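For clarity, every value in this text was computed on a predicted model and none was experimentally measured. The first residue in the sequence is number 1, and the count goes up from there.
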Amino acid sequence: MSHYHIKDLEQYYQAYRKSVSDPEIFWDEIASDHFLWRKKWDSVLEWDFSKPEVTWFKGAKLNITENCIDRHLTTLGDKTAILFEPNNPEEAAQHITYKELSQRVNKFANVLKQQGIKKGDRVCIYVPMIPELAISVLACARIGAIHSVVFAGFSAAALSTRINDADCKMLITADGAYRGAKTIDLKGIADQALELCPGVASVLVIKRIDAEINMKQGRDQWLAPLLVNASDQCVPEIMDAEDPLFILYTSGSTGMPKGMVHTTAGYMVYTAYTFKNAFQYTEDDVYWCTADIGWITGHSYIVYGPLANGATTVMFEGVPSYPDYGRFWDIVQKHKVSQFYTAPTAIRALAKEGTDLIDHYDLSSLKVLGSVGEPINEEAWHWYNDHIGKKKSPIVDSWWQTETGGIMITPIPYVTPTKPTYATLPFIGIQPAIMDENGKELIGNRVEGRLCIKYPWPSIARTIWGNHQRYKETYFSLFDNMYFTGDGALRDEVGYYRITGRVDDVIIVSGHNLGTAPIEDAINEHPAVAESAIVGFPHDIKGSALYGYITLKDNGESSHHDKLRKEINQLISDRIGPIAKLDKIQFTDGLPKTRSGKIMRRILRKIASNDTANLGDISTLLNPEIVQEIISSALET
Ligand code: PRX
């Protein structure tokens with residue numbers, strides 16, 4: 001019997017010890033007992049972090065949709081698989097059963113085939129949070145096409161870059177999206193992107209908002225009529241354990257976003273196993289993760305992890321503030337949600353609205369509260385615990401990344417005692433290490449440093465699409481024989497982990513990773529800009545917000561500054577998306593630089609955070625005098 005469902009702390013420690021001392025036996029048992037394989041593996045794990053190369057369940061054959069759908073049909077066919085809650089609360093929710101999901105995925109898969117999509121082809125999905133988003137993801141997986149979901153809030157430029165990087169043949173999109181009281185012209189944005197994407201031969205368009213849109217002849221087709229004629233039976237493509245399942249882009253400190261490649265078997269096993277335990281999902285529960293499927297949280301914990309466990313997973317199209325800030329609680333009450341998984345930024349935004357609205361709703365169905373995406377501050381943790389969980393639902397502060405595929409450090413609810421702001425203990429199979437700056441592992445408790453993982457886990461991303469060298473340099477070069485996360489962490493006196501934040505130039509704004517380099521590149525495109533540097537600064541709701549220091553080519557007229565601020569933010573919005581807009585812009589005569597010409601962001605960060613008492617040694621700068629100037633003019637910004 002494997003440790004598939006961890007029920008108490010002793011069992012956690014037993015499973016953990018086994019997963020570290022005999023990882024191959026441990027994962028062999030988990031994988032054997034709980035999934036459907038067309039052929040079993042020849043070896044459980046082969047790895048070499050110096051290349052880096054990681055292979056899980058080598059030689060195994062499977063299709064992930066058989067695990068997420070088909071195998072549940074006899075026992076759970078009439079159970080709701082996807083519970084869709086529309087943007088407009090007046091519109092009826094949809095309960096899509098496993099049977100119906102099977103039919104809809106198969107039909108969609110057959111349409112993809114008719115359009116010439118084959119195993120290994122890349123399909124870009126740019127669709128809002130409607131059932132067709134999950135269905136298109138699963139339809140790709142059914143036929144072995146590699147999906148690349150792009151969050152529907154990204155701009156045309158961001159979309160085209162991602163389509164071209166992965167060389168996608170097809171785009172799936174919608175006529176538009178609802179977002180609170182607004183509608184978004186998704187097809188218009190897609191059309192603009194496609195002007196730069198000659199490789200996209202066909203576009204399937206889902207009707208959602210009934211907008212008048214442009215359909216390009218020979219390229220664009222409405223999805224609905226194609227589905228009518230498609231069969232609801234589609235034989236699944238038999239995939240190799242290590243065949244890519246999807247690409248998902250994440251921001252890096254420098255350069256292009258990185259197309260993280262996740263493969264089939266290890267990803268399936270790990271997301272299913274973590275879902276079961278980190279949320280303690282049991283059969284009649286209704287689970288709701290508020291993320292968008294455009295992010296890894298949605299891939300792993302709205303689609304694959306829950307469905308592999310035969311769960312009911314809620315998909316919400318709207319925003320927490322529409323029609324008012326009680327919307328989340330209205331949905332919890334209406335659907336009797338048992339597990340609720342959201343981001344600290346949403347918690348802070350809701351906390352700001354007070355508790356009056358919450359009191360209107362019955363939240364007694366809640367059993368587990370999750371948090372993900374950024375460190376949760378103490379105040380938000382307590383507010384969540386007191387007002388939403390009523391001090392009876394454990395908070396699962398789960399730390400992980402796009403690259404890790406699944407949850408890595410987390411309490412197991414009702415098993416691990418929680419501690420505010422701590423992600424607590426490594427999940428089973430995860431071997432974290434805290435490293436000092438010289439590459440030495442800090443052993444024992446009460447240590448703080450850089451967080452690495454020293455042994456492979458099944459859902460580690462295998463590469464960056466088209467750039468294995470970058471994968472190696474980013475994650476496996478700083479520390480020997482370790483995966484480097486980019487985060488800082490501490491281990492307290494009892495061995496609990498607390499994530500302290502990024503140690504590189506990635507800034508997390510409202511739970512979204514933003515690299516400074518692409519934002520600076522966008523700003524520098526403005527003809528008036530000579531140079532720019534972006535740093536994060538603390539923000540009550542967003543966690544961090546962006547502060548831009550910008551040097552103009554001709555600093556002359558300060559009366560133009562407001563106009564320039566608008567233009568610069570518009571440029572960022574066009575190149576990346578509104579989430580990357582700057583909260584503050586300070587025009588400066590220069591930026592503090594080292595003698596080798598590198599911008600000293602450390603100093604800029606302190607000024608942005610209003611923490612100028614302790615700037616450290618600035619005498620080695622090329623231009624130390626600029627620091628005081630920036631501080632003085634910051635006060636006026
Ligand atoms: O800095 C960590 C932060 O989010 C980063 C990963 O972002 P992304 O790839 O977009 O994935 C987000 C959802 C899994 C991490 O490097 N992060 C994520 N969860 C936490 C967190 N920081 C602190 N506590 C967390 N629970």
Side-chain angles (χ1 to χ4, degrees), residues 1-4 15 18-71 109 118-122 138 140-147 234-248 260-276 299-300 304-305 307-309 403-406 428-431 453 455-466 468 471-472 476 481 483:
M1 210 21 227
S2 75
H3 291 284
Y4 190 72
K18 184 167 171 182
S19 75
V20 171
S21 58
D22 292 309
E24 297 194 27
I25 296 174
F26 179 83
W27 288 111
D28 188 283
E29 286 174 4
I30 295 283
S32 294
D33 295 352
H34 301 281
F35 300 90
L36 188 68
W37 302 94
R38 290 298 186 105
K39 175 182 170 290
K40 284 279 183 70
W41 42 93
D42 306 315
S43 73
V44 176
L45 170 65
E46 290 174 18
W47 67 290
D48 179 349
F49 273 175
S50 71
K51 285 187 173 155
E53 245 173 52
V54 178
T55 307
W56 281 90
F57 308 112
K58 190 174 184 174
K61 302 279 178 199
L62 73 158
N63 184 289
I64 197 167
T65 66
E66 281 196 300
N67 281 275
C68 289
I69 306 172
D70 304 52
R71 67 171 167 145
K118 296 181 303 299
K119 179 179 173 184
D121 287 344
R122 273 81 59 208
L138 292 162
C140 286
R142 185 82 175 171
I143 65 165
I146 302 170
H147 55 78
C234 174
V235 177
E237 186 77 28
I238 301 307
M239 305 295 284
D240 191 86
E242 285 293 343
D243 278 336
L245 175 63
F246 66 85
I247 303 170
L248 185 61
M260 304 314 305
V261 177
H262 282 284
T263 59
T264 307
Y267 176 82
M268 172 184 78
V269 169
Y270 194 75
T271 53
Y273 184 43
T274 45
F275 173 76
K276 175 75 186 166
H299 281 59
S300 302
Y304 289 114
L307 296 178
N309 283 282
E403 295 85 338
T404 69
I428 296 149
I430 303 306
Q431 300 187 36
I453 312 288
Y455 197 84
W457 62 100
S459 64
I460 182 175
R462 304 297 196 259
T463 189
I464 292 174
W465 183 262
H468 196 67
Y471 177 67
K472 179 174 171 169
F476 297 91
N481 216 22
Y483 165 81

Asks: Evaluate the side-chain contact (heavy atoms from CB on, under 4.5 Å) criterion for residues Met268 and Asn67: first the C-alpha distance (whole Å), next the side-chain angles of each, then the deciding distance (0.1 Å), finally the verdict.
Replies: CA-CA 9 Å; Met268 172 184 78; Asn67 281 275; 3.5 Å; yes

Asks: Checking side-chain contact (heavy atoms from CB on, under 4.5 Å) for the pair Trp457/Gln431: CA distance, chi angles, key distance, verdict?
Replies: CA-CA 9 Å; Trp457 62 100; Gln431 300 187 36; over 6 Å; no

Asks: Grab the two heavy atoms, one from Gly405 and one from Thr271, that are nearest each other, plus how far apart they are.
Replies: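 Distance-wise, the nearest heavy atoms are O-CG2, 3.6 Å.
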
Asks: Between Lys39 and Gly59, what is the shortest heavy-atom contact and its length?
Replies: NZ-O, 3.0 Å

Asks: Working to the nearest 0.5 Å, report the span between OH of Tyr4 and OH of Tyr273.
Replies: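 Those atoms lie 9.0 Å apart.
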
Asks: I would like to know whether Tyr455 and Asn481 meet side-chain hydrogen bond (donor to acceptor under 3.5 Å, both in side chains); could you show each step before the answer?
Replies: CA-CA 9 Å; Tyr455 197 84; Asn481 216 22; over 6 Å; no

Asks: Any salt bridge between Lys118 and Glu237, counting N to O under 4.0 Å?
Replies: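 Between Glu237 and Lys118 there is no salt bridge, as every charged N stays at least 4.0 Å from the carboxylate O atoms.
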
Asks: Taking all heavy atoms of Asn309 and all of Ala272, pick out the closest pair and write down the distance.
Replies: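 Heavy atoms only, the tightest pair is ND2-O, 3.0 Å.
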
Asks: Could you state the interatomic distance from CD1 (Ile428) to NE2 (His3), rounded to the nearest 0.5 Å?
Replies: 8.0 Å

Asks: So Tyr483 and Glu403, do their side chains get closer than 4.5 Å, heavy atoms only?
Replies: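 Result yes, sub-4.5 Å side-chain heavy-atom pair found.
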
Asks: Would you say that Lys18 contacts Ile25 through its side chain, given a criterion of any heavy-atom pair below 4.5 Å between the two side chains?
Replies: yes

Asks: Would you call the rings of Tyr471 and His468 parallel, tilted or perpendicular if under 30° counts as parallel and over 60° as perpendicular?
Replies: tilted

Asks: Minimum heavy-atom separation for Phe275 to Gly305, with atom names?
Replies: CD2-O, 3.7 Å

Asks: Thinking salt bridges, do Arg142 and Asp70 make one under a 4.0 Å N-O criterion?
Replies: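 The answer is yes: the pair qualifies as a salt bridge.
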
Asks: Looking at Trp47 and Pro456, would you say the former's side chain and the latter's main chain have a donor-acceptor pair under 3.5 Å?
Replies: no

Asks: Please check this pair: side chain of Asp240 against backbone of Lys61, looking for a donor-acceptor N/O pair closer than 3.5 Å.
Replies: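 Judged by distance alone, no pair lies under 3.5 Å.
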
Asks: Set out, in order, the CA-CA distance, both residues' side-chain angles and the distance that settles side-chain contact (heavy atoms from CB on, under 4.5 Å) for Leu245 and Ile146, then state yes or no.
Replies: CA-CA 5 Å; Leu245 175 63; Ile146 302 170; over 6 Å; no

Asks: Once you measure the plane-to-plane angle for Tyr267 and His262, does it fall in the parallel (<30°), tilted (30-60°) or perpendicular (>60°) bin?
Replies: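 Because their plane-to-plane angle lies in the 30° to 60° range, the rings of Tyr267 and His262 count as tilted.
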
Asks: Which distance, rounded to the nearest 0.5 Å, do you find between the CD1 of Ile64 and the CG of Asp243?
Replies: 12.0 Å

Asks: Would you please say whether a donor-acceptor pair under 3.5 Å links the side chains of Glu242 and Thr263?
Replies: yes

Asks: Any sub-3.5 Å donor-acceptor pair from Asp121's side-chain atoms to Ala145's backbone N or O?
Replies: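 Side chain of Asp121 to backbone of Ala145: no pair is present.
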
Asks: Would you call Leu138 and Leu307 a side-chain contact if the rule is heavy atoms closer than 4.5 Å?
Replies: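 Result yes, sub-4.5 Å side-chain heavy-atom pair found.
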
Asks: Just by distance, do the side chain of Trp27 and the backbone of Pro458 share a donor-acceptor pair under 3.5 Å?
Replies: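 Looks like no, no N/O pair under 3.5 Å.
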
Asks: Asn63 side chain to Pro236 main-chain N or O, any donor-acceptor pair under 3.5 Å?
Replies: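 Not a single qualifying donor-acceptor pair exists.
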
Asks: Go through the steps to decide whether His299 and Tyr304 satisfy the test ring pair (Phe, Tyr, Trp, His ring centres under 6.0 Å), and finish with yes or no.
Replies: CA-CA 6 Å; His299 281 59; Tyr304 289 114; 7.2 Å; no

Asks: Check step by step if side-chain contact (heavy atoms from CB on, under 4.5 Å) holds for Arg71 and Phe35.
Replies: CA-CA 9 Å; Arg71 67 171 167 145; Phe35 300 90; 3.8 Å; yes

Asks: Working to the nearest 0.5 angstrom, can you tell me the gap between Leu62 CG and Leu36 CG?
Replies: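 If I round to the nearest 0.5 Å, the distance is 8.5 Å.
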
Asks: Check ring-ring contact (aromatic ring centres under 6.0 Å, His included) between Phe26 and all other residues, then give those that pass, not counting sequence neighbours.
Replies: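 In terms of ring-ring contact (aromatic ring centres under 6.0 Å, His included), with neighbours along the sequence ignored, Phe26 is linked to no residue.
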
Asks: Atom CG of Leu248 and atom NE2 of His147: how far apart are they, to the nearest 0.5 Å?
Replies: 9.0 Å

Asks: Do any N or O atoms from the side chain of Ser32 and from the backbone of Glu29 form a donor-acceptor pair under 3.5 angstrom?
Replies: no

Asks: What pairs with Arg122 under side-chain hydrogen bond (donor to acceptor under 3.5 Å, both in side chains), at least two apart in sequence or on another chain?
Replies: none

Asks: Give, for atom NE2 of His34 and atom NZ of Lys276, the distance between the pair rounded to the nearest 0.5 Å.
Replies: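 The NZ atom of Lys276 is 9.5 Å from NE2 of His34, to the nearest 0.5 Å.
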
Asks: Does the plane of the ring in Trp37 sit parallel, tilted or perpendicular to the ring in Phe57? Use 30° and 60° as the thresholds.
Replies: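 Correct class here is tilted.
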
Asks: Looking at every heavy atom in both Pro52 and Lys472, which two are closest together, and how far apart are they?
Replies: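 What the structure gives for the nearest pair is CD-CB, 3.7 Å.
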
Asks: What closest approach, in Å, do Ser459 and Tyr270 show between heavy atoms, and which atom pair accounts for it?
Replies: OG-CD2, 3.1 Å

Asks: Using modelled atom types only, decide if a donor and an acceptor are shared between the side chain of Thr404 and the backbone of Gly406 within a distance under 3.5 Å.
Replies: yes

Asks: Quick test of your reading: applying salt bridge (Lys or Arg N to Asp or Glu O under 4.0 Å), list the pairs with at least one residue in residues 50-60, sequence neighbours left out, ordered by first then second residue.
Replies: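 Non-adjacent pairs meeting salt bridge (Lys or Arg N to Asp or Glu O under 4.0 Å): Glu46-Lys58.
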
